[in-house]
Amino acid sequence: MAKKQRTAIEPTRVEDYAEWYQQVVKVAELAENSDVRGCMVIKPWGYAIWENIQKVLDKMFKETGVKNAYFPLFIPKSYFEKEAEHVEGFAKECAVVTHSRLEDDGKGGLKVAGELAEPYIVRPTSETIIGASFAKWVNSYRDLPLLINQWANVVRWELRTRLFLRTAEFLWQEGHTVHASKAEAEAETRLMLDVYAKFAQEYLAVPVVKGEKSEGERFPGAVATFSIEAMMQDKKALQAGTSHFLGQNFAKSSDIKYQNKDGEYEFAWTTSWGVSTRLIGALIMAHSDDNGLVLPPKIAPAHIAIIPIAKNDEDRLEILEYIKKITSALKEKRFDGKEIIVEVDDTDATSGEKNWKWIKRGMPIRLEIGKRDMEANSIFMGRRDLDPKEKKGLGWEEFVNSVDEILNDIQNNIYQKALDFRSENSAVIDDKDEFYNFFTPENKEKPEIHGGFAYAHWCGSVDCEEKIKEDLKVTIRNIPFEADAEEGKCICCGKTSKQRVVFSKSY
RNA sequence: CGGGGUGUAGCGCAGUCCGGUUAGCGCACUGGUUUUGGGAACCAGGUGUCGGAGGUUCGAAUCCUCUCACCCCGACCA
């Protein structure tokens, strides 16, 4: 038997997926736990990914006419109470501010004082506080549509947290729009879902399934919730973005009314939509391998790590000069319309260590450049989408001239791998036993990676949804838009069904 | 929030059941020598309030009580 190849991350994905994930976050220096329970510290490499996500999405939002604004972190309790379902959905996970002051307790410490007349809730989402502003801003049909987005942090007092996937505080954007008609609001909901899907696929290189959430999975207070669902490498689904059609529910609770052309008052139609730092979790779990993070070039904080390989100081100076020539040539090049970011790793770690450091951090391209390369006017390149040992030499000018193609190739390759993985682990299932087998691990004690996306018929009843959830811990991820209308029998109860839905275990 | 687990050097761990010199090991780190197209070798060295607070004891990493954090499973959720 072949000796097991040493990997940079231990355990591997197959050995222990949850632990592997944590190790990737750690060795890639993306984030760490803070002293504040459930809250993470996002480190520079991780935050740079978030900044890139922001940059791209922000531009995409603005292209549809959305403008940015900022609303308070604190929401008066009374605002929150206005929408009953909304309250019910979030009440259990709210941080509440009740005092405004600290005073000396006479024992060298501090005590809270200055109790507030009305407690403030630290926003878990901002529908209600933004609604209050919108009620003032919207008077006439001429004020509509109102398209607003905010980049913010939110707090949801989670009991069980995982870096990026679920933390007590997280960063996100929340779009909130107001429309004069139902159809227009619905179109906005769908438009933003399309933006998310496009972003996930083209930038994060994560294929997603667009669809509508079942009633049970709907946002509290929404009329309809839509999502994009991505498959992680443990074959579980991760909701990567949501878009909600809120009907007139929030307009009524926040009193967002406008006068139509006939001078009559009507309640407006609202939407909200968001993605969060969870996208970074999706990115990690969709692409990374047993050697660490794998970053799609279009979202990577940097594209190329250059590792000088020198025997002595004299060689090193010459090699650095040679590298300078290459980096200045790279400055002229563009990838995805943006500058190509190069990190020259001139630290005095060994070349092997440096090489592995950049592999673990997911750098798309590594260039190892020694004296021999310099004399041959070439570079020695490793790609993160290929095996660490699979490196090749090519002329430096040739490299510079084709760098955008190489990065594109990596981007496409990563996407294709994720797409293939999803295809291999998606099944159309009509037989109930087959469905149950699909989601049952062989090892019950320590379940191996199993399951996937099952496209099966569902009659639409909450009972069937609940039953499957109870039996298998599998839920309906969404009702895909792209599925053809097709008669069939519910996988659970056998009653007639009009459409297939995606079942999966999920995050 | 319920069940289970873990907490000992920067990281990974042993030691805990059965209390007993100065708390170890591997990697990392520092210095040196040798190596040098690749996750280097050897020698020398530094590093710990043993998660925290109480308690039992001549003596606690080890026993008891409380507490905090993290991980896994469940419930809940982006």
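Note: hydrogens, waters and symmetry copies are ignored here, and every other heavy atom, side chains too, is used. Protein chains get the first letters and strands the later ones, always in sequence-line order, with residue 1 at the start of each.
Judged as a ring pair (Phe, Tyr, Trp, His ring centres under 6.0 Å), and not counting sequence neighbours, the contacts of A/Phe61 are A/Trp273. Applying the side chain to side chain contact (heavy atoms under 4.5 Å, CB included) test to A/Lys62 and every residue at least two apart in sequence or in another chain returns A/Asp58, A/Asn68. In this structure, the side chain to side chain contact (heavy atoms under 4.5 Å, CB included) partners of A/Lys55, at least two apart in sequence or on a different chain, are A/Asn52. For A/Thr161, the side chain to side chain contact (heavy atoms under 4.5 Å, CB included) partners two or more places apart in sequence, or in a different chain, are A/Glu158. For A/Phe435, the ring pair (Phe, Tyr, Trp, His ring centres under 6.0 Å) partners at least two apart in sequence or on another chain are A/Phe439, A/Phe503. Every residue meeting the side-chain hydrogen bond (donor to acceptor under 3.5 Å, both in side chains) condition with A/Asp290, not counting sequence neighbours, appears here in chain and number order: A/Arg13.
At the heavy-atom level, A/Ser276 lies under 4.0 Å from base atoms of the strands shown. Within 4.0 Å (heavy atoms only), A/Leu238 reaches no atom of the nucleic acid at all. Within the 4.0 angstrom heavy-atom criterion, no nucleotide atom of any strand lies near A/Phe90. A/Thr167 comes within 4.0 angstrom of a base, heavy atoms only.
Heavy atoms only, all atoms of each residue included: A/Phe399 and A/Leu367 are closest at CE2-CD1, 3.6 Å. Shortest non-hydrogen contact noted between A/Ala240 and A/Val275 is O-CG1, 3.6 Å.
Nearest-nucleotide assignment on RNA chain B puts the 5′-proximal partner with A/Met374, out of A/Ala168 and A/Met374.
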For nucleotides 66-76 of chain B, print each protein N/O atom paired with a nucleotide N/O atom at under 3.5 Å, atom names and distance only.
residue : atom : partner  : partner atom : Å
B/A69   : OP1  : A/Arg37  : NH1          : 3.4
B/A69   : OP2  : A/Arg37  : NH1          : 2.9
B/C70   : OP1  : A/Gly38  : N            : 3.1
B/C71   : O3'  : A/Gln22  : NE2          : 3.1
B/C73   : OP2  : A/Arg160 : NH2          : 2.1

Identify all pairs in which a protein N or O lies below 3.5 Å from an N or O of nucleotides 45-47 of chain B, and state each distance.
none

If you restrict it to nitrogen or oxygen atoms, what contacts under 3.5 Å exist between nucleotides 8-11 of chain B and the protein, and what is each distance?
residue : atom : partner : partner atom : Å
B/C11   : O3'  : A/Lys26 : NZ           : 3.0

Just distance, no hydrogens or angles: give the donor-acceptor pairs under 3.5 Å from side chains in residues 205-212 of chain A, sequence neighbours left out.
residue  : atom : partner  : partner atom : Å
A/Lys210 : NZ   : A/Asp194 : OD1          : 2.8

All N/O donor-acceptor pairs, side-chain side in residues 318-325 of chain A, below 3.5 Å, sequence neighbours left out:
residue  : atom : partner  : partner atom : Å
A/Tyr322 : OH   : A/Ser378 : N            : 2.9
A/Tyr322 : OH   : A/Ser378 : O            : 2.7

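Counting only N and O atoms by type, the side chains of A/Glu368 and A/Ser351 include no donor and acceptor under 3.5 Å apart.
When both distances must be under 3.5 Å, the Watson-Crick or G-U wobble mate of B/A44 is B/U30. In a base pair of the Watson-Crick type (N1 to N3 plus N6-O4 or O6-N4) or a G-U wobble (N1-O2 and O6-N3), with each distance short of 3.5 Å, B/G39 is matched with no nucleotide.
Protein atom CD of A/Glu29 is 14 Å distant from nucleotide atom C1' of B/A28, rounded to whole Å. Atom CH2 of A/Trp157 is separated from atom P of B/C1 by 11 Å (rounded to the nearest Å).
Here, B/G45 and B/G51 have their C1' atoms 29 Å apart, quoted to the whole Å. Taking atom P in both B/G48 and B/C64, one finds a spacing of 28 Å when rounded to whole Å. The same atom, P, is picked in B/G39 and in B/A44; the two are 24 Å apart, to the nearest Å. Taking the P atom of each, B/U56 and B/A61 are spaced 16 Å apart, rounded to whole Å.
Contacts classified as salt bridge (Lys or Arg N to Asp or Glu O under 4.0 Å) and involving residues 224-246 of chain A (residues at least two apart or in different chains) are given here: A/Lys213-A/Glu229, A/Glu229-A/Arg477.
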